[in-house]
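What you see is a predicted model, and the numbers here were worked out from it, not measured in a lab. We count ligands from 1, going down the list as the structure has it; atoms in each ligand are counted the same way.
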Amino acid sequence: MIPLKDTFWQTESWQQQMSGMIRDPEQLLRRLQLNPEEHPDITAAMQQFPLRVPEAFVAKMKIGDWHDPLLRQVLPLARETQEQVGYVNDPLEEGNANPVPGLIHKYHGRVLLIANPSCAVHCRYCFRRNFPYDSNNPSQRDWQKTLDYIADRPDISEVILSGGDPLSAPDEYLQKLINKIALIPHVTTLRIHTRLPLVLPARITPALIGVLSENRLRIVMVIHCNHANEIDSHSEIALSTLHKAGFMLLNQSVLLKEINDNADTLVKLSQRLFEVNVMPYYLHLLDKVRGAAHFDVKEEEAQALMNAILARLPGYLVPRLVVEEPSANSKRPLALS
Ligand SMILES: *Cc1c(COP(=O)(O)O)cnc(C)c1O
Ligand code: SF4
């Protein structure tokens with residue numbers, strides 16, 4: 001374990017910040033000095049998928065700007081409730097690759113665990129915004145089935161903790177789960193997909209580093225950052241802590257209309273990630289989930305953006321443009337011309 005001060009900057013613990021997060025759109029808009037009356041009725045959108053955003057993320061938004069790229073990721077909009085052809089509840093048909101509750105086995109060699117159903121932030125474009133978490137919320141006693149499934153399949157070398165956000169679970173829960181995974185000899189890598197270093201950087205505590213370090217597994221952390229503005233000094237400290245602990249840090253983004261769908265924004269994002277030791281991994285086309293159609297960027301536009309950033313960045317800072325499909329054996333890379 002590396003020595004660290006227990007609090008970086010916050011006077012509140014991460015748990016307090018999490019329970020105190022903003023859930024009321026009016027409160028969010030007032031906090032940003034925006035007039036809630038200018039915002040059309042969003043009751044129906046809120047019922048589909050409620051607002052949730054910690055103050056640490058709101059603090060990175062620009063005051064008075066309806067178009068702030070961070071605000072746009074979390075603010076419910078009335079248009080989410082307009083039905084669009086082709087946009088469905090389970091676009092990836094994960095229900096079909098769900099042999100044990102809480103486990104998705106779609107690709108060779110790796111399984112994804114819904115380690116924790118809740119998130120510290122609700123992203124409006126999330127492809128799991130309609131996922132039946134209630135039936136995929138493994139309590140501690142259900143782990144055995146999941147662990148048996150992995151133990152019975154020697155070709156599984158990587159376990160991916162996803163969610164929800166696995167890091168919004170308490171340390172004790174993670175510790176038990178990770179230690180059990182580490183007992184399966186053919187598992188060599190533990191991957192964690194999380195937004196917490198961005199939305200609630202106080203979560204990266206010395207205790208968490210301990211939980212992740214004190215086992216034999218190789219740790220890969222994939223943060224989900226869509227815009228360079230998400231990485232402020234607090235996130236920078238959190239990421240530097242993870243880097244110093246020896247974890248491999250990668251980023252995946254979703255290409256989102258009016259949030260990051262231009263070459264300058266994508267170039268800045270890759271450069272900022274590199275400054276904080278995070279390598280760009282994937283740039284995803286939007287999953288066609290009900291409620292998110294207004295974020296869609298067309299395939300041809302995405303390919304044109306990729307060509308523009310390829311011309312401006314070293315190869316190692318160019319993410320792979322991919323699309324996820326229900327019955328493919330990997331994410332599908334989009335060809336560029
Ligand atoms: C994305 C994903 C993975 C990991 O795929 P990589 O290409 O290794 O990043 C694994 N399982 C599921 C269900 C996924 O959606
Ligand atoms: S699963 Fe990820 S993308 Fe979806 S709401 Fe949670 S943090 Fe956001």
K.L.:
Please list, by chain and number, the protein residues whose heavy atoms come under 4.0 Å of ligand 1.
P.N.:
Ile104, Lys106, Tyr107, Arg110, Leu112, Ile160, Arg191, Tyr281, Tyr282, Glu324, Lys331
K.L.:
Mind checking side chain to side chain donor-acceptor pair (under 3.5 Å) for Gln271 and listing every partner two or more places apart, or none if nothing turns up?
P.N.:
none
K.L.:
Which atoms of ligand 2 sit under 4.0 Å from any heavy atom of Cys119?
P.N.:
1 (S), 5 (S), 6 (Fe), 7 (S)
K.L.:
State whether Asp68 and Lys60 are salt-bridged, where the test is any N-O pair (Lys NZ or Arg NE/NH1/NH2 against Asp/Glu carboxylate O) under 4.0 Å.
P.N.:
no
K.L.:
Does Arg153 reach the main-chain N or O of Ala151 with its side chain, forming a donor-acceptor pair under 3.5 Å?
P.N.:
no
K.L.:
Is the closest basic N to carboxylate O distance between Glu230 and Arg195 below 4.0 Å?
P.N.:
yes
K.L.:
Hey, is atom 4 (Fe) of ligand 2 within less than 2.8 Å of some N/O/S atom on Cys126?
P.N.:
yes
K.L.:
Taking salt bridge (Lys or Arg N to Asp or Glu O under 4.0 Å) as the test, write out the residues that go with Glu55, two or more places apart.
P.N.:
Arg31
K.L.:
Give the atom numbers and elements of ligand 2 that come within less than 4.0 Å of a heavy atom of Cys123.
P.N.:
3 (S), 5 (S), 7 (S), 8 (Fe)
K.L.:
Decide, yes or no, whether a salt bridge links Asp171 with Arg203 under the criterion of side-chain N to carboxylate O below 4.0 Å.
P.N.:
yes
K.L.:
Can you sort out the partners of Arg312 under salt bridge (Lys or Arg N to Asp or Glu O under 4.0 Å), two or more places apart, ordered by chain and number?
P.N.:
Asp264
K.L.:
Could you list which atoms of ligand 2 come closer than 4.0 Å to a heavy atom of Arg195?
P.N.:
7 (S)
K.L.:
Quick one: does any side-chain atom of Arg128 pair with a main-chain N or O of Pro117 as donor and acceptor, under 3.5 Å?
P.N.:
no
